[in-house]
Every structure is written in structure tokens, then in C-alpha cells.
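Only one structure is covered here, and it is reproduced in the block below.
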Amino acid sequence: MAKRRPYPSDLSDARWELIEPVLTAWRFERRSRALHFGRPPEHDLRDIMDAILYVDRIGVQWRYLPHDFPPWNTVYGYFAKWADEGVFAQLNGLLRQLLREREGRDGEPSACVIDAQSVKTSTSVHASSQGIDAGKKIVGRKRSIVTDTLGLLLAVLVTAASVQDSTAGTRLLDQVAAIHPGIRKVWVDGGYRQHLVEHAATLGIDMEITARKPGTRGFTPIPKRWAVERTYGWLMLHRRLARDYETLPAHSEAMIHLAMTGLMARRLTSENTISWRDPKSTTEHPITG
């Protein structure tokens, strides 16, 4: 079978070298748990990953995958397994550590930023997992993320939009404190309540609420918190994240991990990202931190 022509979202050889060991180890471990190996896998892991990246970047429905990829139901099956078993989170953590070290930072962060984004949902999202963000007047879901000071993802939680920022923040802080025990400082905006500050203190984390100066007009980056706002900008380069299309919140979180994995892999290999915002351009400014 002739090799298909590559899509802009496909992994380069250099980026595949970063990701391949994790996926190969996953396949080996999964097969070793089986009673017998049976027939060898039919599809190449790189083709599967390229197809998943295509969905994340282009935003098509699974059934609309181009026919030169593996069958859509096979690709979705791998995506669901990798999401459920934390493979995308593992990839995100590995590349984040490598990127931090390349930037001259310690592999494990000592400070982080929390923020939330409410987005509309598609018709495939069950009403029970949606809500209304009264402040932003959005019916849908809320993405709460924690990043380091470089804007690299540490944790993500997808909830109904009606969930209060502080409620989601409490769960995220507990998660971050368990996975990254070196965290000692966190910045949040004014939407997070005082009781979250007190909860952070019980975890040994100093939480600081930052806000725009009174009377400030127009766009003004807020110290420290601008990093997480930039991360949301990076995520919006992926059409699948323009709104929430995933039936399960866990799969929404996986799509965010996947987007950051792709961005960090490009940065580690010094490759630019093609932007759909400017179809005349073949490159866009690389992410910086």
C-alpha cells in the first residue's frame, strides 16, 4: 500500500521519537496482560496518533476522518483507551519536564496559575454534564486548568459551566499538590473565593489573588496570570476545542492534554505550527515561554 501524503497535523520524525516510547510501552504492557498475544496489531501507532491529532487540530467528527487514515472506529477506540488510561496525561507530563529543563528550569515546578474558561457545547453533549455560567451567560462546560509559570499544563478539570471556580479549584489544588508536591505558590483571579485561599494554606501553598488595577481600560496583561491566559490562546488554535464536542468530560480533558502535547513536541523540536487563522501563511509564530 502506497504511503499517504502527510497532513500538516502529522507528526514529524523528530516529534514521533519523543512520543513513540510511551505508546510502544503502552501497547506492550496491554498485550502482556492478555492471556495470549493473538494476531499482531493491524495498525501502526504513528498512523493512529496522526489521526487523533488531525481530529484535535481540524475539529472534524470521528466519522469524517479522511479514508487514508485507519478506520474511524479504530482510531476512536485507541483515543478512548488512551484517555481512560491516562496516556495523554503521561505524554503531557513527560514533554513538560523535558521542555522545562531545556528552558533552564527545574523539571518540577514550584509555582502555578489557575484559571477557568466557559465554552459552549455541541448537541452530542448530554444535558446532565452541562450548566449555565451566569456571569458569562454561557450554557455549556467549564475548563479549569493549572499551568506552571511558562504556561505549560499541570492539570485540567472539565465540569458543567455552573460549577463555581472555587469548587473546581479545590479539586485541582488537591490533584496538583499530590502530583507536584514542590508547589508552594499559586496565583488566581478574583473569581476564586477566600475559602480556597484557606484550603491552599492547609496544603502548604500560598495563594495570591491578582486582579486588574481599578480604572484600567483595554487589554492589560496581569502579572503572573497572563501565562495561563496565553495557554488558552494556544488551545484555541485547535478547532476541536473551539467548543466542547466530547460526550464525556474525561475525553474533553484528554483533548486538552493532546493539544498541549502537540504544542510542546513542536517546541522541543523547534518546529513551527501552521495556523488556520492565516491560510496564506505556511508558518506561525512558535509558542514561547
Side-chain angles (χ1 to χ4, degrees), residues 89 92-93 96 100 103 105-106 108-120 130-236 241 244 249 252-253 256-257 259-260 287-289:
N92 183 81
R96 183 188 61 246
R100 284 183 58 86
E103 295 287 337
R105 306 292 187 94
D106 190 277
E108 280 296 315
S110 59
C112 62
V113 191
I114 301 179
D115 201 9
Q117 176 194 56
S118 293
V119 293
K120 296 179 180 180
Q130 300 182 59
I132 301 176
D133 184 331
K136 298 177 182 176
K137 297 180 173 59
I138 291 178
V139 179
R141 283 179 175 162
K142 181 175 290 184
R143 300 165 179 160
S144 299
I145 65 173
V146 185
T147 73
D148 63 11
T149 54
L150 297 176
L152 306 180
L153 188 69
L154 299 179
V156 57
L157 178 66
V158 174
T159 63
S162 54
V163 172
Q164 292 292 325
D165 289 353
S166 294
T167 302
T170 299
R171 292 172 60 184
L172 279 174
L173 270 183
D174 289 339
Q175 182 179 340
V176 168
I179 301 174
H180 306 282
I183 294 288
R184 290 294 175 264
K185 181 76 176 183
V186 59
W187 289 274
V188 297
D189 65 19
Y192 293 85
R193 308 289 177 81
Q194 182 62 33
H195 70 79
L196 184 60
V197 177
E198 296 167 356
H199 180 70
T202 66
L203 299 173
I205 300 174
D206 175 35
M207 176 173 286
E208 180 179 339
I209 298 177
T210 60
R212 288 160 57 98
K213 294 181 180 179
T216 301
R217 303 183 64 180
F219 174 74
T220 304
I222 300 175
K224 303 300 181 182
R225 271 196 50 241
W226 68 271
V228 71
E229 299 289 354
R230 183 181 58 177
T231 301
Y232 279 122
W234 293 340
L235 295 178
M236 288 302 101
L241 300 177
D244 197 326
S252 297
E253 295 168 5
I256 293 172
H257 277 122
M260 288 302 298
I287 62 174
T288 58

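This chain uses plain numbering: 1 for the first residue, then up along the sequence. Side-chain atoms are counted along with the backbone in the values below, which use heavy atoms only and exclude waters and symmetry mates.
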Quick one: closest heavy-atom pair of Ala178 and Pro181, and the distance? O-CD, 4.2 Å

Shortest non-hydrogen separation from Leu196 to Gly169 and the atoms involved: CD1-C, 3.8 Å

What's the spacing between Ser118 OG and Lys137 NZ if we round to 0.5 Å? 12.5 Å

Nearest non-hydrogen partners of Cys112 and Ile183, listed with the distance: SG-CG2, 3.9 Å

Would you mind reporting whether Met260 and Thr231 have side-chain heavy atoms less than 4.5 Å apart? yes

Quick check: does any side chain N or O of Arg143 sit under 3.5 Å from a backbone N or O of Asp115, one acting as donor and the other as acceptor? no

Do Val228 and Ile114 make a side-chain contact, defined as non-hydrogen atoms from C-beta onward lying under 4.5 Å apart? no

What pair of heavy atoms forms the shortest contact from His257 to Leu153, and how long is it? CD2-CD2, 3.5 Å

Give the minimum heavy-atom separation between Leu235 and Leu241, together with the two atoms involved. O-CD1, 3.7 Å

Taking Arg225 as the fixed residue, which of Asp189, Thr147, Ile209, Val188 is the one that meets the side-chain contact (heavy atoms from CB on, under 4.5 Å) rule? Asp189

What distance separates Leu173 CG from His199 NE2, expressed to the nearest 0.5 Å? 6.0 Å

When you look at NZ of Lys136, are more than 12 heavy atoms from neighbouring residues, nucleotides or ligands closer to it than 6.0 Å? yes

Given side chains that start at C-beta, do those of Val119 and Ile138 come closer than 4.5 Å, heavy atoms only? no

Measure across Arg105 and Thr149 and return the closest heavy-atom pair with its distance rounded to 0.1 Å. NH1-OG1, 3.3 Å

Arg184 versus Asp206: any side-chain heavy-atom pair under 4.5 Å? no

Salt bridge (charged side-chain N to carboxylate O under 4.0 Å, His left out) partner of Asp148, the single match among Arg96, Lys185, Arg100: Arg100

So do Lys142 and Asp165 actually touch side chain to side chain, heavy atoms under 4.5 Å? yes

Output for pair (Trp234 CH2, Ile256 CD1), nearest 0.5 Å, gives 14.5 Å

How about CD1 on Ile179, more than 12 heavy atoms from neighbouring residues, nucleotides or ligands closer than 6.0 Å, or not? yes

